[in-house]
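Right, one structure below, let's go through it.
Fair warning: this is a prediction, and the values are worked out from it, not measured in the lab. Sequence positions, counted from 1, serve as the residue numbers for this chain. Side chains are part of it too, since the values below use all heavy atoms of this structure and drop only hydrogens, waters and symmetry mates.
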Amino acid sequence: MSDVKPLNATELAELKTDLAALQASIEALLSDTETGTRPVSLRENIGRLSRMDELHNQSILMANRNVLSNRLKQVRRAMKRIDEAGYGYCLECDESIAFPRLKAYPDAEHCIVCKTRHE
C-alpha cells in the first residue's frame with residue numbers, strides 16, 4: 001500500500017482544467033493538420049524528388065496525427081473517470097496516483113510503480 005494521498009477537491013479541479021486545456025490543444029492540432037493528410041496529387045507538375053519529399057512529410061504527419069489521436073482518447077477517458085469518481089487511481093493496482101505525476105501527465109492511467117513495471 002502506498003503513502004500517496006488521494007486528490008483533494010482543489011487538486012481535482014486544477015487537473016480537470018488541465019485536461020480540458022489539453023483536449024482543446026490536441027483537437028486544435030488535429031484540425032490544423034487535417035489538410036496535410038490529403039493524398040498527394042500526382043498530376044501537379046512537380047519533380048520526382050519534391051513529390052517524394054511531400055509523401056515522406058505526409059507519412060510523418062499522419063504518424064504524428066495518430067499519436068495525437070491516441071492521446072486525445074486517453075484525455076477523454078481521464079475526463080470520464082473524473083465524472084465517475086475514478087480519476088486519480090491506478091487502473092492496475094487501484095492506488096492513488098501522485099498529484100505531481102498527474103500534473104505532468106493529467107491523462108495518466110497508472111501510478112509510477114505500475115508504469116515503470118510495464119516499461
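Within a 6.0 Å sphere centred on NZ of Lys73, other residues, nucleotides and ligands contribute 12 heavy atoms or fewer. Within 6.0 Å of the NE2 atom in His118, the count of heavy atoms belonging to other residues, nucleotides or ligands exceeds 12.
Put simply, the side chain of Glu95 does not reach to within 4.5 Å of the side chain of Val4, judged on heavy atoms. Considering only heavy atoms from C-beta on, Lys115 stays 4.5 Å or farther from Glu92 through its side chain. With a 4.5 Å cut-off on side-chain heavy atoms, Leu91 and Arg81 count as touching. You'll find the side chain of Leu72 reaches within 4.5 Å of the side chain of Glu27, heavy atoms only. You'll find the side chain of Leu22 reaches within 4.5 Å of the side chain of Pro106, heavy atoms only. For the pair Ile97/His110, no side-chain contact is recorded, criterion being any heavy-atom separation below 4.5 Å from C-beta on.
Put simply, CG on Asn64 and CG on Leu68 are 6.5 Å apart, with the number rounded to the nearest 0.5 Å. Once rounded to the nearest 0.5 Å, the distance linking CG of Leu29 with OG of Ser31 reads 9.5 Å. For the atom pair Ser96 OG and Lys5 NZ, the distance stands at 11.0 Å (nearest 0.5 Å). With rounding to the nearest 0.5 angstrom, the CD atom of Glu119 is 11.5 Å from the SG atom of Cys114. Atom CD of Gln74 and atom CG of Leu19 lie 11.0 Å apart (nearest 0.5 Å). Remark: Glu54 CD to Asn57 CG distance equals 8.0 Å, nearest 0.5 Å.
A side chain to side chain donor-acceptor pair (under 3.5 Å) with Asp107 holds for exactly one of Arg77, Arg71, Arg76, Gln23; it is Arg71. None of Leu7, Leu12, Asn8 except one satisfies the side chain to side chain contact (heavy atoms under 4.5 Å, CB included) rule with Phe99; the exception is Leu7.
By the criterion of side-chain heavy atoms lying less than 4.5 angstrom apart, applied directly or through intervening Ile, Leu, Val, Met, Phe, Trp or Tyr residues, Ile112 is not grouped with Leu15; the two fall into different hydrophobic clusters. Hydrophobic clustering places Val75 together with Leu30 (ILVMFWY residues linked when any side-chain heavy atoms are closer than 4.5 Å, directly or through intermediates).
The closest donor-acceptor contact from the side chain of Tyr89 to the backbone of Pro6 lies at 3.5 Å or more, if one exists at all.
Nearest approach of Arg101 to Cys111, heavy atoms of both residues: NE-C, 3.9 Å.
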